[in-house]
Amino acid sequence: MGAFEGRHALIFAAAPEREYGYIRAFLAEHPSALIVCADGGLRHARALGLHPDLMVSDCDSLDEVEGREVIRLTPEKDDTDTQRCLREVFGRGCREATLVCATGGRVDHMLANLSLLEEAQAMGGRLTVLDRQNSIVLHEGGRQNFIMPAAYRYFSLIPLDAVLTGVTIEHAKYPLRGATVTRAGMVTISNEATDPVFTVSIENGRALVIFSRDLPRAL
C-alpha cells in the first residue's frame with residue numbers, strides 16, 4: 001500500500017492561467033485532494049492559498065520550491081516535471097488524478113500534457129485534464145458509459161489513433177452505429193447528450209472524450 005493510497009491528486013502544471021474558479025469548484029468537491037506542483041505550478045497553488053504536499057521541480061520556470069516533500073530535478077532530462085508528478089502519485093498509490101493549468105501557453109506542452117491521459121491508464125490510474133472550458137478524459141476502447149457533467153453542454157470524440165472502427169454513440173443528439181471515425185476529417189465534434197448518461201463504444205482504437213462549454217462573450 002502506497003503513502004497516497006485512496007487520495008485524489010490535484011496536479012498543478014505551469015501553463016499560464018488567470019481564472020481559478022474551476023479549480024475552486026474542484027476543491028469544493030474534493031476538499032482532501034493531494035496538492036502536487038510541477039515547477040511553476042507552485043504559483044497557481046499559492047494564488048489559491050494552497051501548500052503543496054509534493055513538489056517536483058527542475059527550477060527552469062520558477063527558482064523557488066515549497067512543499068512537505070520536494071523532488072529536485074535537473075533541466076537536462078527526458079521527462080517533464082508534470083510527467084514526473086504523475087508517475088510519483090500513481091507510483092505511491094493514487095488511482096485518480098486531475099491535472100490543471102496544463103492547456104494554456106505552448107502547444108507542445110499542451111499536447112505533452114494530454115498524452116499523460118494514456119500514460120495514467122498504462123499505470124492503472126485515471127487522469128482528467130481540466131481547464132476553465134473543458135474536461136478531458138481517455139476512452140481506452142470498448143464500451144464506456146459517461147455521465148454528462150451539468151456544467152458542460154457538448155462532448156466530442158477525438159481519435160488518438162488514425163482510424164477508430166466500430167464506433168457507436170448512444171443517447172446523443174448525433175448517434176453513430178458501428179462507424180469508422182478517422183482523425184483526418186473526423187465527424188465527432190460538438191455532440192450533445194440526450195440523457196444524463198450516454199455511451200460510447202469503440203471496437204478498435206483510443207480517443208479523447210472532451211466535455212466543453214461556451215464561455216460568455218465579453219461585453
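What you see is a predicted model; the values in this text were computed from it and never measured.
Checked against the 6.0 Å centroid criterion, the rings of Phe198 and Phe155 qualify as a close aromatic pair. A ring-centre distance under 6.0 Å is found for Phe26 and His8.
With hydrogens and angles disregarded, no donor-acceptor distance shorter than 3.5 Å links the side chain of Thr128 to the backbone of Thr98. Here the side chain of Asn191 pairs a donor or acceptor atom with the backbone of Tyr174 at under 3.5 angstrom. Distance alone, capped at 3.5 Å, is enough to place a donor-acceptor pair between the Arg7 side chain and the Ser32 backbone. With hydrogens and angles ignored, the 3.5 Å screen pairs no side-chain donor or acceptor of Asp53 with any backbone N or O of Leu34. The closest donor-acceptor contact from the side chain of His139 to the backbone of Gly205 lies at 3.5 Å or more, if one exists at all. The main-chain N or O of Val163 is never found under 3.5 Å from a side-chain atom of Arg183 such that the two would form a donor-acceptor pair.
With Tyr152 as the aromatic partner, Arg213 meets the cation-pi criteria of under 6.0 angstrom to the ring centre and within 45 degrees of the ring axis.
Residues passing the side-chain contact (heavy atoms from CB on, under 4.5 Å) test with Glu170, sequence neighbours excluded: Arg143, Thr168, Arg177, Thr199. Taking the salt bridge (charged side-chain N to carboxylate O under 4.0 Å, His left out) definition, one finds that Arg18 meets it with nothing, sequence neighbours left out.
Counting heavy atoms from C-beta outward, Glu119 and Gln83 have side chains that approach closer than 4.5 Å. With a 4.5 Å cut-off on side-chain heavy atoms, Asn204 and Leu164 do not count as touching.
Salt bridge status for Glu66 with Arg46: present, with a side-chain N to carboxylate O gap under 4.0 Å.
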